[in-house]
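This report concerns only the one structure given below.
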Amino acid sequence: MKYSMLFITLFVLPFVSMAQEPVNPGSGIINMSVFRPGAHLIKLIWIDKDGKVTKEATLMCITRIDSVKKRLTYLQIRNDGKKDSTVSEWPSLKPIFSSSVYQNQIVVFNYTNDGHVLEAKTTDRYGVVKKDTTYKIEKVCFDSYLTDYLVGALPLKPGYTGKFIASAGVPYIMGITQVSTDVMNSESGFVRQAYLVNVDYNGYKVLYWIDKNSGEMIKFIAQQPDGSIFMKSKI
């Protein structure tokens with residue numbers, strides 16, 4: 001179902017300098033019920049600084065949970081051929097493996113030593129290694145492909161702040177700086193309550209709209225320094 005915002009706030013609310021509670025893999029405050037087996041579609045839109053749509057894509061997101069093997073697998077398959085996948089330990093969400101395939105490039109991350117070492121390898125479609133790097137991770141982080149899930153799985157409410165570390169090759173901080181409430185309205189007139197979550201994403205400011213009941217991401221907007229916008233919305 002498509003949703004439009006009743007109240008559009010673009011873009012950045014002032015940064016709130018507050019102590020942020022760190023969230024780590026295995027943390028008891030993560031709402032694990034947000035992680036559900038199934039599939040859904042996400043619309044991706046790129047908009048330039050003048051408001052012109054420069055690119056659109058559709059993303060199929062598939063979640064699989066194997067409680068016997070203690071694995072969560074999350075696939076993101078784009079209709080332009082890009083495919084991202086991640087495997088994490090269930091239910092701790094410690095990262096195990098992730099990969100990204102696009103055009104002629106394949107990037108693979110293996111997390112070893114209980115998540116404290118990250119082996120990153122980039123190859124072409126013929127298997128020729130272009131880059132092979134090993135990173136030491138002082139503190140176990142989440143894989144970056146779980147970011148949208150994690151924001152909705154935090155104990156969101158007005159006044160909440162928190163942070164977690166994610167890795168897309170190199171670890172970075174996702175900081176929840178402000179949470180407020182909003183209402184989303186569909187074309188059929190259905191009203192959906194949401195949390196509007198301000199996130200400091202490694203120096204960038206982004207917005208999430210999270211369903212208050214399910215914890216699902218409804219919408220995401222990120223504005224780049226050049227004024228362009230990247231937007232994701234659940235279909």
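Only this structure's heavy atoms are used, side chains among them; waters, hydrogens and symmetry mates stay out.
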Mind checking whether [X] and [Y] have side chains closer than 4.5 Å, heavy atoms only?
| X | Y | answer |
| --- | --- | --- |
| Met174 | Lys163 | no |
| Cys141 | Ser167 | yes |
| Leu59 | Cys61 | yes |
| Val199 | Thr177 | no |
| Leu196 | Leu207 | yes |
| Glu216 | Val34 | no |
| Lys130 | Thr123 | no |
| Tyr195 | Leu154 | no |

Would the distance check show the side chain of [X] and the main-chain N or O of [Y] forming a donor-acceptor pair, the cut-off being under 3.5 Å?
| X | Y | value |
| --- | --- | --- |
| Thr54 | Trp46 | yes |
| Thr122 | Val107 | no |
| Asp48 | Lys52 | yes |
| Asn113 | Gly115 | no |
| Asn24 | Ser27 | no |

Could you pull out the closest heavy-atom pair between [X] and [Y], with the gap in Å?
| X | Y | answer |
| --- | --- | --- |
| Tyr102 | Gly81 | CD1-C, 4.4 Å |
| Lys121 | Asp132 | CE-OD2, 3.4 Å |
| Met32 | Pro91 | CE-O, 3.2 Å |
| Ala194 | Met184 | CB-CG, 4.1 Å |
| Ser85 | Leu75 | CB-CD2, 3.3 Å |
| Val140 | His116 | CG2-NE2, 3.5 Å |

Check for me, please, whether [X] and [Y] land in the same ILVMFWY cluster - side-chain distances under 4.5 Å, paths through other members count.
| X | Y | answer |
| --- | --- | --- |
| Val117 | Phe109 | no |
| Leu118 | Ile106 | no |
| Ile29 | Val179 | yes |
| Ile45 | Ile221 | yes |
| Leu44 | Val101 | no |

ask   = Do NZ/NE/NH1/NH2 and the carboxylate oxygens of Asp80 and Lys82 come within less than 4.0 Å?
value =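 Salt bridge flag = no for Lys82 with Asp80.
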query = Salt bridge between Arg71 and Glu89, side-chain N to carboxylate O under 4.0 Å?
reply =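 No, no charged N to carboxylate O under 4.0 Å.
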Got a second to check how far [X]'s [atom1] is from [Y]'s [atom2], nearest 0.5 Å?
| X | Y | atom1 | atom2 | answer |
| --- | --- | --- | --- | --- |
| Ile42 | Thr58 | CD1 | OG1 | 10.0 Å |
| Leu41 | Ser233 | CG | OG | 11.0 Å |
| Thr112 | Ile137 | OG1 | CD1 | 8.5 Å |
| Leu150 | Phe142 | CG | CZ | 5.0 Å |
| His40 | Arg36 | NE2 | CZ | 10.5 Å |
| Ile30 | Leu93 | CD1 | CG | 5.5 Å |

query = With ring centroids as reference points, do Phe35 and Tyr149 lie under 6.0 angstrom apart?
reply =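 Yes, the ring centres sit under 6.0 Å apart.
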task = Please check if the distance between the ring centroids of Tyr145 and Tyr74 is under 6.0 Å.
result =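 Centroid separation for Tyr145 and Tyr74: 6.0 Å or greater.
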Heavy-atom count check: over 12 atoms from other residues, nucleotides or ligands less than 6.0 Å from [X] [atom1]?
| X | atom1 | answer |
| --- | --- | --- |
| Tyr204 | OH | no |
| Lys232 | NZ | yes |
| Lys55 | NZ | yes |
| Arg64 | CZ | no |

State whether a side-chain donor-acceptor pair under 3.5 Å links [X] with [Y].
| X | Y | value |
| --- | --- | --- |
| Thr86 | Asp143 | yes |
| Ser33 | Asn31 | yes |
| Asp182 | Trp209 | yes |
| Ser214 | Asp211 | yes |

Candidate pair Lys219 and Met231, rule side-chain contact (heavy atoms from CB on, under 4.5 Å), full reasoning = CA-CA 7 Å; Lys219 198 180 190 84; Met231 182 170 67; 3.6 Å; yes
query = Where do Asn110 and Phe97 land on the side-chain contact (heavy atoms from CB on, under 4.5 Å) test, with the steps shown first?
reply = CA-CA 5 Å; Asn110 280 300; Phe97 168 87; 3.3 Å; yes
request  = Tell me, with the steps shown, if Phe164 and Thr147 meet side-chain contact (heavy atoms from CB on, under 4.5 Å).
outcome  = CA-CA 9 Å; Phe164 60 88; Thr147 297; 4.3 Å; yes
request  = Would you please test Thr63 and Thr73 for side-chain contact (heavy atoms from CB on, under 4.5 Å) and show each step?
outcome  = CA-CA 6 Å; Thr63 303; Thr73 302; over 6 Å; no
Partner of Asp84 by side chain to side chain donor-acceptor pair (under 3.5 Å), out of Ser99, Ser100, Ser98 =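 Checked Ser99, Ser100, Ser98 against Asp84; only one passes side chain to side chain donor-acceptor pair (under 3.5 Å): Ser100.
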